[in-house]
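These values consider heavy atoms only, across backbone and side chains, with no hydrogens, waters or symmetry-generated copies. In what follows, chains carry the letters A, B, and so on, assigned in the order in which the sequence lines appear, proteins first and then strands, with residues in each chain numbered from 1.
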Amino acid sequence: MMDDLQAILNENQLEGITQTEGPVLILAGAGSGKTRVLTHRVAYLIENKHVEPYHILAITFTNKAAGEMKERIHKLAGDSGEMVWVATFHVTCVRILRRFADRIGYDNRFTIYDTDDSKTVMKEVIRKLKLDPKRYKERYFLNKISSAKNELIPPEGYAAAAGSSPDVLLVARAYAEYQARLRSNNAMDFDDLLMKTVELFRLDAEVLNIYQSRFRYIMVDEYQDTNTAQFAFIELLARAHGNLCVVGDDDQSIYKFRGANIRNILDFEQHFPDAKVIKLEQNYRSVQTVLDVANSVIQNNRGRKEKKLWTDNGAGERVIYRQFDSGAEEALFIASDIAKQQRFGNFNYRDCAVLYRTNAQSRLLEEQFLVSNIPYRIVGGVNFYGRREIKDVLAYLKTIDNARDDLACRRIINVPKRGIGATTISRVADYADDVGIGFYQALQTLEEIPNIGRAKSKLNDFVLFIEGLKAEAEYLSVSELIKKVLELTGYVAELELEGTDEAKTRIENIDELVSKAVSFEKDYVGEDDDGRTMLSAFLEEVALIADIDRLEGDDDYVVLMTLHSAKGLEFDNVYLAGMEDGLFPSFLSITADNPDEEIEEERRLCYVGITRAKKRLVMTAAKMRMIRGETRYSATSRFVREIPKELLNGEVYEPRSYDNFTVEEEDDTVEEEKSVERKAHFRRTVPAPKKSPTTAATYQKKMSRDFGTKIEKNELDYAVGDRVSHQKFGEGEVLSINDGGRDFEVTVRFEGGNVRKMFASFAKLTKV
DNA sequence: GGTTTGAAACTTTTT
DNA sequence: GTTTCAAACC
């Protein structure tokens, strides 16, 4: 094996693989083959060091990274690789807590709250503490609490750690109340998963011992993004044997806002004094010019571990920079350029990615991609599992699965409308609170609840409905159960009747959830050591999925996403849009109390963006941009200005008038002329496409954007005057068919005289 | 109890 | 410009 390795790896990579004992820090520059080192390291441990796969733990940040690593380990080490524990921090902690959470006072069947759920709870807390919701927003408290949890500070210790100003004391109270509510709901939020696992390890030597003796070789990917809680978790586990290998790049630390502590990687040698440090500086991804640009930007940061990426991939073209008058022109250029690259056969759509600082920027880009008929997909924005219809369906499943998820139950008790109003719900909730039982539990003792009067029978119907589903859940698969719920509640039928574009999208989302359930069932091998049902396992997997994890498939489309989402990915042809001071680096970072630190974080983000490019990199900016309905004028990003001229194709214009985000009336005339000229030139080379001639095509594209599903406007197999049959309304006569552009609008008179208009693709009418 | 309408907030990044 | 939330109305 060693001979093979020597042939495909450089010296430093080899060292990273074979240095298996003791603490090791691998400083892996962007594109230096760190995943390769990690996977080969695992294989090497198994095959050459005869370590039991069972004793190896590899931790990542995203499910996607974990999946890829699993796959590659499997390829290298065969079936024994299956036994290696490869998972994200969160999944790892959940697995541990599912076995032992009872030792710290939780039920092992605790539920996991997402950010939406946390928000709902925090709203209640604010109400309970009688705070002015106008003045104190949930987000404020939740951010503070999240930071505290990432620092392993419990509610009791909050005031001591943060001071004694009135605001701090208020946060401490909110934190305590919030945590008490989670506890009584038997729920944990994302941050709890880590904090509580550390708490468990610290309080229960037996449990810690179990995992210490299991995980004898530990590897952590993206170590620069670990926070204090994650560090404590790793440190506790590694303490027994000391075989800890962390891989990361301090220049790619971009999650400070989420509690990531860059000191974890910078001080690794202090934390683990006999640590071996290995630097991977040869880049296998990008051409030299891209690396030079990346180096020229990142070297402006202080307090970093000095390294210089190099490659033997060749020099490559200069990096392109273009500044436009408006965000729309910028978007038009990017779309046109991608179309051109594709037409000339330089790049496929899938080789292109557009990266930006904020999700809001995606809108303009999306519009241009629609008009230009370029297939694309947006990552991020509203999380798939955060969509209303998905949350509704999942809330049903949660209620069926675990009667203790109050939020889930309250969410769907009146969805669809059952005539159960806010007043009734809060009376039940109050009662449940007083007695100290769960919401659903309270519903089962309706007789005891005061003041619910007429609503009682409605509530009872709901309980019977859920109980019926619970009985069915015993023998139905998850996907079957979802379909059953949809059928019995009429959820989809209701959306079909609505017939709006939005309803259509919602139905597609639900379909995707069903597909997800089906594929989950296929992979599910009953790996529940704790006697959990398949339904529980499904809900858990779904709770820990991020949007980026769904990015896959062989379709040919351009990817649009934030710079944060792009970490770990690579593309032949990359566009960095919105290179403007105030947008990137963000206004908030420039005006922060500690601007140097904040801007360094932004610069690292820029570094991440640049190093995604393999062959070609294009940076763009707009002088004028609409932000929150206001027009803002910006100068070229300071990061672009940090790039030496000889590496850039394109000039950096620096009109004084755009400084400080204000417009001055006296425009530099020379500058103005240049701008006009540039604009004219741009218009000549890339004619602006007319407004989309067929709204139909545009619409279909828009519909297909998120999930790649394709809407076909099929020919209808019935005509005016035909008898047709509808699933719900029965038979009827077709009165008229209108081509509504995106779809056919069919009017039918059903038996009983009901005349209904509906879209053909929903109604699924069949000729009789 | 449900629906409609208008105001207000939102925009940094997410497991 | 879009979405969310509450008050007013049905």
Restricting to nitrogen or oxygen on both sides, can you table the protein-nucleotides 8-10 of chain C pairs closer than 3.5 Å?
none

*Quick one: list whatever passes salt bridge (Lys or Arg N to Asp or Glu O under 4.0 Å) with Arg258(A), sequence neighbours left out.*
none

*side chain to side chain contact (heavy atoms under 4.5 Å, CB included) involving Thr115(A) - partner list, sequence neighbours excluded*: none

*Which part of the nucleic acid, if any, lies within contact of Lys119(A), taking any heavy atom under 4.0 Å across all strands shown: a base, the sugar-phosphate backbone alone, or nothing?*
nothing

_Given the ring of Phe439(A), does Arg410(A) sit roughly above its face, with NZ or CZ under 6.0 Å from the centre of the six-membered ring and within 45° of the axis?_
yes

*Touch class at under 4.0 angstrom, heavy-atom based, for Ser589(A) against every strand present*: nothing

*What is the distance, rounded to the nearest whole Å, between atom CG of Leu605(A) and atom P of dT14(B)?*
10 Å

*Looking only at atom P, what distance separates dT13(B) and dT4(C), rounded to whole Å?*
15 Å

_Once you apply a heavy-atom cut-off of 4.0 Å, does Phe257(A) come out as touching a base, just sugar-phosphate, or nothing?_
base

*asked:* Test of understanding: with salt bridge (Lys or Arg N to Asp or Glu O under 4.0 Å), list the residues that count as partners of Lys458(A), not counting sequence neighbours.
replied: none

*Looking across every strand, which nucleic acid part, if any, lies under 4.0 Å from Arg139(A) by heavy atom: base, sugar-phosphate, or nothing?*
sugar-phosphate

*How long is the line joining CD of Glu366(A) and P of dT2(C), in whole Å?*
11 Å

_Which residues share a salt bridge (Lys or Arg N to Asp or Glu O under 4.0 Å) with Arg625(A), sequence neighbours left out_ = Glu330(A), Glu580(A)

*Let me know the distance between CD1 of Ile254(A) and C1' of dT15(B), rounded to the nearest Å.*
13 Å

*Got a sec, which residues hit salt bridge (Lys or Arg N to Asp or Glu O under 4.0 Å) with Lys391(A), two or more places apart in sequence or on another chain?*
Asp114(A), Asp116(A), Asp117(A)

*Base, sugar-phosphate alone, or nothing: which one does Lys256(A) contact when heavy atoms must sit under 4.0 Å apart?*
nothing

*asked:* Classify Asp114(A) by what it touches in the nucleic acid, base, sugar-phosphate, or nothing, heavy-atom distance under 4.0 Å.
replied: nothing

_Just the rounded figure in Å: distance from P of dT15(B) to CZ of Phe61(A)._
11 Å

*In terms of the nearest nucleotide of DNA chain B, which residue is placed more toward the 5' end: Ala455(A) or Thr562(A)?*
Ala455(A)

_Residues Arg418(A) and Asp461(A) bridged, charged N to O under 4.0 Å_ = no

